[in-house]
> 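Questions regarding the structure given below will be posed in turn.
Bear in mind that the values here come from a model prediction, so they are computed numbers and not experimental data.
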Amino acid sequence: MSDFPTAPLKRRFAALLYEALLIGAVTAVAALAAGAAAMLLNAVSPVLASLAATLLLLGAWWLYFKANWHKQGQTLPMRVWKIGLTNFHRARPPLSQLRLRFMWACVFIVFVPMLAYAALRHLLGIPPKPAFGAALIWWILPWGFALLNPDRQFLYDYLAGTRLVDLKEKK
């Protein structure tokens with residue numbers, strides 16, 4: 001993968017939309033286990049039940065991405081759109097770097113928007129629709145970063161030291 005250019009943004013966004021469908025399916029299956037665990041643990045502690053449900057969902061997402069990135073360097077949508085995952089040395093990223101990419105993506109795509117929404121709703125008393133709109137800005141941040149980055153990488157790729165490359169054409 002040493003001579004491949006950065007994948008075009010349009011193809012990466014198309015792959016993201018496809019990925020959202022697959023992650024939705026992974027989440028639905030994991031939510032069954034998370035819901036069962038939450039119901040069983042809720043009698044012990046609602047906080048423990050929430051923590052268990054959250055960890056089960058995160059674990060299912062990690063297993064999906066790890067299985068695809070580590071073995072093939074691509075998820076199914078990345079294969080369809082001919083996009084590969086490399087590090088800045090143009091090699092397949094080691095597991096530690098994949099873990100870092102996953103953690104940064106979770107922070108920027110899941111946790112920051114949720115915390116922004118919660119803070120706006122509960123601390124500042126902003127109504128749901130404006131709070132959602134403001135949280136949506138935080139959700140768009142990791143992908144909007146690609147418009148400012150000279151290599152057009154998403155924020156979580158930049159922070160993890162990974163790249164999404166175009167496997168369709170060699171330079």
> Enter the distance from L155:CG to N149:CG here, rounded to the nearest 0.5 Å.
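L155 CG to N149 CG: 9.0 Å, rounded to 0.5 Å.
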> Which heavy-atom pair separates L76 from Y64 by the least distance, and what is that distance?
N-OH, 4.5 Å
> If every non-hydrogen atom of N87 is compared with every non-hydrogen atom of P94, which pair is closest and at what distance?
ND2-CD, 4.1 Å
> Going from CG on L51 to CG on L41, what distance comes out if it is rounded to the nearest 0.5 angstrom?
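So the gap between those two atoms works out to 9.5 Å.
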> Answer yes when D157 and R101 have at least one side-chain N-carboxylate O distance shorter than 4.0 Å, and no when they do not.
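Counted as a salt bridge, because a side-chain N and a carboxylate O are separated by less than 4.0 Å.
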> Determine whether a donor-acceptor pair (N or O, by modelled atom type, separation under 3.5 Å) exists between the side chain of R152 and the backbone of L147.
yes
> Determine whether a donor-acceptor pair (N or O, by modelled atom type, separation under 3.5 Å) exists between the side chain of R11 and the backbone of I83.
no
> Would you say L56 and F65 are hydrophobically clustered, going by side-chain heavy atoms of ILVMFWY under 4.5 Å?
no
> Starting from M114, can I reach V112 by hopping between I/L/V/M/F/W/Y residues whose side chains sit under 4.5 Å apart?
yes
> Report whether F88 and M78 are members of the same hydrophobic cluster (ILVMFWY, side-chain heavy atoms less than 4.5 Å apart, transitive linking).
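The answer is no; the residues belong to distinct hydrophobic clusters.
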> Check whether F108 and L120 end up in the same hydrophobic cluster, where Ile, Leu, Val, Met, Phe, Trp and Tyr are linked by side-chain heavy atoms less than 4.5 Å apart.
no
> Give, for atom OG1 of T27 and atom CG of L32, the distance between the pair rounded to the nearest 0.5 Å.
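Atom-to-atom, T27:OG1 and L32:CG are 11.0 Å apart.
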> Assigning hydrophobic clusters by single linkage (Ile, Leu, Val, Met, Phe, Trp, Tyr; side-chain heavy-atom cutoff under 4.5 Å), is L40 placed with L57?
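In one cluster: no.
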> Please find the pair of heavy atoms, one from R79 and one from Q72, that lie closest to each other, and give the distance.
NH1-OE1, 2.7 Å
> Looking at W104, I'd like to know if its CH2 atom is crowded, meaning that more than 12 non-hydrogen atoms belonging to other residues, nucleotides or ligands lie closer than 6.0 Å.
no
> How far does CZ of F102 sit from OG1 of T162, to the nearest 0.5 angstrom?
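Answer rounded to 0.5 Å: 13.5 Å.
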> Please evaluate residues F4 and T86 with respect to the criterion side chain to side chain contact (heavy atoms under 4.5 Å, CB included), reporting the C-alpha separation (whole Å), side-chain torsions for both, the decisive distance (0.1 Å), and the verdict.
CA-CA 10 Å; F4 291 102; T86 68; over 6 Å; no
> Could you walk me through whether R163 and R90 pass side chain to side chain contact (heavy atoms under 4.5 Å, CB included), step by step?
CA-CA 8 Å; R163 299 179 71 246; R90 310 282 201 248; 2.7 Å; yes
> Evaluate the side-chain proximity of T6 to L164: yes if any heavy-atom separation is below 4.5 Å, no if none is.
no
> Are the side chains of K66 and L95 in touch, meaning some heavy atoms are under 4.5 Å apart?
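A side-chain contact exists here, since the closest heavy-atom pair is under 4.5 Å.
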> Measure the CG-CG distance between N68 and L63 for me, rounded to the nearest 0.5 Å.
11.0 Å
> Working note: V107 + M103, criterion side chain to side chain contact (heavy atoms under 4.5 Å, CB included); need CA distance, chi angles, decisive distance, verdict.
CA-CA 6 Å; V107 164; M103 288 189 299; 5.5 Å; no
> Output the distance between atom CD (E19) and atom CZ (F13), rounded to the nearest 0.5 Å.
14.0 Å
> What's the shortest heavy-atom distance between A15 and P77, and which atoms?
O-CB, 3.5 Å
> Could you please spell out the steps behind the side chain to side chain contact (heavy atoms under 4.5 Å, CB included) verdict for L16 and F154?
CA-CA 12 Å; L16 271 173; F154 297 140; 3.9 Å; yes
> Please output the side-chain donor-acceptor pairs of residues 130-143 that fall under 3.5 Å, not counting sequence neighbours, one pair per line with the distance.
from: W139; atom 1: NE1; to: I109; atom 2: O; distance (Å): 3.4
from: W143; atom 1: NE1; to: Y156; atom 2: OH; distance (Å): 3.1

> Report yes or no: does D151 contribute a side-chain atom to a donor-acceptor pair with the main-chain N or O of Q153 at less than 3.5 Å?
no
